[in-house]
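Shown next, in structure tokens, is the structure this report addresses.
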Amino acid sequence: MNHIDIDKSHSILSLIDQIYPPLLCTLCDTSFPSLAASQHHYHEQHKKRPRYVCIHAHCDHPFKSRGALRFHLSRSHLPPSPSVDKVKKPSLSTSAQSFLNSIFPPLECPCCHQVFNRKTNVIKHLSEVHPGKEPYRCIYPQCAHPRLYATREGLVYHILRVHDLLL
């Protein structure tokens, strides 16, 4: 969670606290000396009826908890914050991707050459039918790393680190 998300979450919680004070029952306006007393009253007197209503002008969804209300507000009524943490996963160059696909087609099992309609099915097939096998080897003949890989992603990571920098 970055500082923008923390600020947004804090300001939503502050707004909810102003509208729904923690020591005041939102259903009967009784005030309490502690949060524990307020929660006990709510569970005993109101049998878990929703006690928070969305504070957005055009929404009246009821919620049983502040957290549910906060989540609803952040997902339904606030613009998404730009995430600084989301970094695009590095990908192979077009030439390296083509070369890899010519040797290890992405929808084909490298052990038995069975063809699938999804990459995830190849991965599942490898783990169930060929457990423990490491069928992927480096596609570059001059590679000094003779390591084998259990997954295509492992091989892609190797190519990115060792070979694709040179292309």
Side-chain angles (χ1 to χ4, degrees), residues 1-20 22 48 50-167:
M1 187 181 273
N2 61 39
H3 67 88
I4 294 171
D5 292 334
I6 292 168
D7 290 346
K8 183 172 83 170
S9 178
H10 178 70
S11 63
I12 291 172
L13 285 174
S14 297
L15 184 60
I16 291 170
D17 282 346
Q18 286 177 358
I19 294 171
Y20 296 113
K48 295 197 171 191
R51 62 177 170 172
Y52 302 103
V53 177
C54 181
I55 58 180
H56 188 269
H58 304 291
C59 181
D60 59 354
H61 281 91
F63 299 94
K64 291 183 179 180
S65 72
R66 294 163 123 53
L69 173 58
R70 185 183 78 235
F71 182 82
H72 167 77
L73 286 168
S74 66
R75 296 295 192 264
S76 301
H77 302 298
L78 296 175
S81 61
S83 180
V84 181
D85 297 336
K86 288 187 181 179
V87 177
K88 188 180 177 209
K89 189 167 100 173
S91 58
L92 294 174
S93 65
T94 307
S95 60
Q97 186 70 49
S98 296
F99 188 36
L100 176 62
N101 290 346
S102 71
I103 296 174
F104 294 113
L107 300 177
E108 182 181 291
C109 173
C111 294
C112 66
H113 305 290
Q114 183 175 347
V115 177
F116 297 89
N117 58 354
R118 304 172 113 186
K119 290 180 189 178
T120 55
N121 292 345
V122 176
I123 295 167
K124 182 179 177 187
H125 167 80
L126 277 168
S127 67
E128 291 176 354
V129 178
H130 310 289
K133 298 254 175 155
E134 294 182 332
Y136 295 100
R137 61 173 164 47
C138 185
I139 58 177
Y140 293 94
Q142 75 280 10
C143 181
H145 305 295
R147 184 156 177 227
L148 298 175
Y149 302 92
T151 65
R152 184 180 164 94
E153 277 301 306
L155 177 57
V156 166
Y157 180 73
H158 163 75
I159 294 169
L160 276 169
R161 270 193 14 237
V162 178
H163 303 290
D164 213 18
L165 303 172
L166 306 173
L167 300 175

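Residues take their numbers from the sequence shown, with the count starting at 1.
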> Rounded to the nearest 0.5 Å, how far apart are NZ of Lys124 and CZ of Arg118?
Replying inline: 11.0 Å
> Do you know the tightest heavy-atom contact between Leu160 and Ser91?
Replying inline: CD2-O, 3.5 Å
What side-chain donor-acceptor pairs closer than 3.5 Å can you find for residues 96-116, not counting sequence neighbours?
residue : atom : partner : partner atom : Å
Gln97   : NE2  : Asn101  : OD1          : 3.2
Ser98   : OG   : Thr94   : O            : 3.0
Asn101  : OD1  : Arg152  : NH2          : 2.4
Asn101  : ND2  : Gln97   : O            : 3.4
Ser102  : OG   : Phe99   : O            : 2.7
Glu108  : OE2  : His113  : ND1          : 2.9

> Which atom pair, heavy atoms only, marks the closest approach of Thr151 to Gly154?
Replying inline: OG1-N, 3.0 Å
> Is there side-chain contact between Leu15 and Leu73, with at least one heavy-atom pair below 4.5 Å?
Replying inline: no
> To the nearest 0.5 Å, how far apart are CD1 in Ile139 and CG in Leu155?
Replying inline: 6.0 Å
Under 3.5 Å, side-chain donor or acceptor atoms of residues 59-68 against the rest of the protein: list the pairs with distances, not counting sequence neighbours.
residue : atom : partner : partner atom : Å
Ser65   : OG   : Ala68   : N            : 3.0
Arg66   : NE   : Asp17   : OD1          : 3.4
Arg66   : NH1  : Tyr20   : O            : 3.3
Arg66   : NH1  : Tyr52   : OH           : 2.9
Arg66   : NH2  : Asp17   : OD1          : 2.7
Arg66   : NH2  : Tyr20   : O            : 2.7

>> With a sphere of 6.0 Å drawn around CZ of Arg137, does it hold more than 12 non-hydrogen atoms of other residues, nucleotides or ligands?
In response: no
> Considering only heavy atoms from C-beta outward, does the side chain of Cys143 approach that of His158 to under 4.5 Å?
Replying inline: yes
> Counting N and O atoms only, with roles assigned by atom type, does the side chain of Ser74 sit under 3.5 Å from a partner on the main chain of Phe71, one being a donor and the other an acceptor?
Replying inline: yes
>> List the residues meeting ring pair (Phe, Tyr, Trp, His ring centres under 6.0 Å) with His130, not counting sequence neighbours, and say none if there are none.
In response: His125
> Does any non-hydrogen side-chain atom of Tyr140 lie less than 4.5 Å from one of Ile159?
Replying inline: yes
